[in-house]
Amino acid sequence: MKEITPKEKKLLKKARIKELMEVYGTLLSDKEKKVLTLFTDPALTGAAIAKRLKISRQAVHDHIRRGVNKMERCDAKTNMLEKRQKKMKIIAEMEGILSRQKLEEDDVQELNRLVASLKKLE
């Protein structure tokens, strides 16, 4: 298995935070939301965020840590992010089936199975 580089690891962390914000963003304070939104931009560093918001780099780090911890704790209890990812996968499968020119009986049965799976997740 290929080793993940530090840069890839950082991008994965930012992608995870972005997903968490889509689900749990309403839990964040305005400042945490602003800092995390800027942080998920791959081109911005903590120092650039601090300069833009006129706060210290330590304050940026603290807002990121507090915001991410808040969202991770909530996700550990609700597991909404995993459910959302499963729903997105099911929807993508359904879209693949629907994009075919002609639906056959097997396709209809598969769509019904996927719809049932979506209902279970709610």
Side-chain angles (χ1 to χ4, degrees):
M1 190 169 167
K2 183 185 167 207
E3 185 73 24
I4 296 176
T5 66
K7 188 173 184 173
E8 290 170 331
K9 190 174 182 179
K10 190 172 189 175
L11 288 173
L12 289 172
K13 177 182 178 182
K14 288 184 176 198
R16 167 88 175 153
I17 292 171
K18 198 169 201 157
E19 287 179 324
L20 284 167
M21 287 180 65
E22 288 173 6
V23 177
Y24 302 107
T26 56
L27 299 174
L28 302 173
S29 69
D30 290 340
K31 193 69 150 189
E32 289 167 344
K33 196 178 296 184
K34 190 179 290 185
V35 169
L36 285 169
T37 299
L38 292 171
F39 181 73
T40 57
D41 181 338
L44 291 177
T45 63
I49 295 167
K51 186 175 181 179
R52 183 177 289 185
L53 298 178
K54 296 181 174 120
I55 59 177
S56 69
R57 289 188 302 182
Q58 184 61 47
V60 169
H61 174 76
D62 290 344
H63 286 301
I64 292 169
R65 183 183 40 79
R66 273 196 308 271
V68 170
N69 285 342
K70 195 183 296 184
M71 293 185 294
E72 290 284 7
R73 280 193 313 271
C74 191
D75 190 56
K77 293 176 184 173
T78 65
N79 216 12
M80 285 175 53
L81 192 58
E82 183 181 337
K83 291 175 186 174
R84 181 178 186 266
Q85 289 168 338
K86 286 179 181 179
K87 284 181 185 180
M88 297 302 282
K89 184 179 178 187
I90 291 169
I91 290 168
E93 284 182 52
M94 291 173 75
E95 288 174 338
I97 292 169
L98 290 171
S99 68
R100 297 181 190 151
Q101 291 290 329
K102 181 181 173 189
L103 291 178
E104 297 178 9
E105 183 61 31
D106 289 347
D107 295 330
V108 174
Q109 289 175 355
E110 181 67 7
L111 281 173
N112 286 329
R113 183 191 67 77
L114 292 170
V115 168
S117 295
L118 272 176
K119 286 180 180 178
K120 284 181 188 175
L121 291 174
E122 292 189 9

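Note that this is a predicted model, so its numbers are computed, not measured.
- Not counting sequence neighbours, the partners of K33 by the side chain to side chain contact (heavy atoms under 4.5 Å, CB included) test are M21, L28, T37.
- Listed here is the closest heavy atom pair of Y24 and M71: CB-CG, 3.7 Å.
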* Residue pair K86, E82: steps toward the salt bridge (charged side-chain N to carboxylate O under 4.0 Å, His left out) verdict -> CA-CA 6 Å; K86 286 179 181 179; E82 183 181 337; 3.4 Å; yes
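- The NZ atom of K9 sits 9.0 Å away from atom CD of E3, with the distance rounded to the nearest 0.5 Å.
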* To do: For K34 and H63, run side-chain contact (heavy atoms from CB on, under 4.5 Å): C-alpha distance rounded to whole Å, both residues' side-chain angles, the deciding distance at 0.1 Å, then the answer.
  => CA-CA 9 Å; K34 190 179 290 185; H63 286 301; over 6 Å; no
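- Environment of CG in D30: sparse, with no more than 12 heavy atoms of neighbouring residues, nucleotides or ligands closer than 6.0 Å.
- Salt-bridge check for K18 with E22: failed, with every basic side-chain N at 4.0 Å or more from each acidic carboxylate O.
- Neither L11 nor I4 shares a network with the other; the hydrophobic side chains, linked directly or stepwise wherever heavy atoms of I, L, V, M, F, W or Y lie under 4.5 Å apart, form separate groups for each.
- A side-chain donor-acceptor contact under 3.5 Å links E8 to the backbone of T5.
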* Go through the steps for E93 and R113 under the test side-chain contact (heavy atoms from CB on, under 4.5 Å), then give the verdict. => CA-CA 11 Å; E93 284 182 52; R113 183 191 67 77; 3.6 Å; yes
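- Look at R84 and E19 and you find no salt bridge, because none of the NZ, NE, NH1 or NH2 atoms lies under 4.0 Å from a carboxylate O.
- For the atom pair E32 CD and N69 CG, the distance stands at 10.0 Å (nearest 0.5 Å).
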Determine all donor-acceptor pairs shorter than 3.5 Å in which one atom belongs to a side chain in residues 51-58; sequence neighbours excluded.
{"from": "S56", "atom 1": "OG", "to": "A59", "atom 2": "N", "distance (Å)": "3.0"}
{"from": "Q58", "atom 1": "NE2", "to": "D62", "atom 2": "OD1", "distance (Å)": "2.9"}

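- Residues D75 and V23 fail the side-chain proximity criterion, which asks for heavy atoms closer than 4.5 Å.
- Put simply, CG on L111 and CD1 on I90 are 12.0 Å apart, with the number rounded to the nearest 0.5 Å.
- Two residues are said to be in side-chain contact when any heavy atoms from C-beta on lie closer than 4.5 Å; R16 and L81 meet this criterion.
- Residues L12 and L36 do not share a hydrophobic cluster, defined by chaining ILVMFWY side chains whose heavy atoms lie under 4.5 Å apart.
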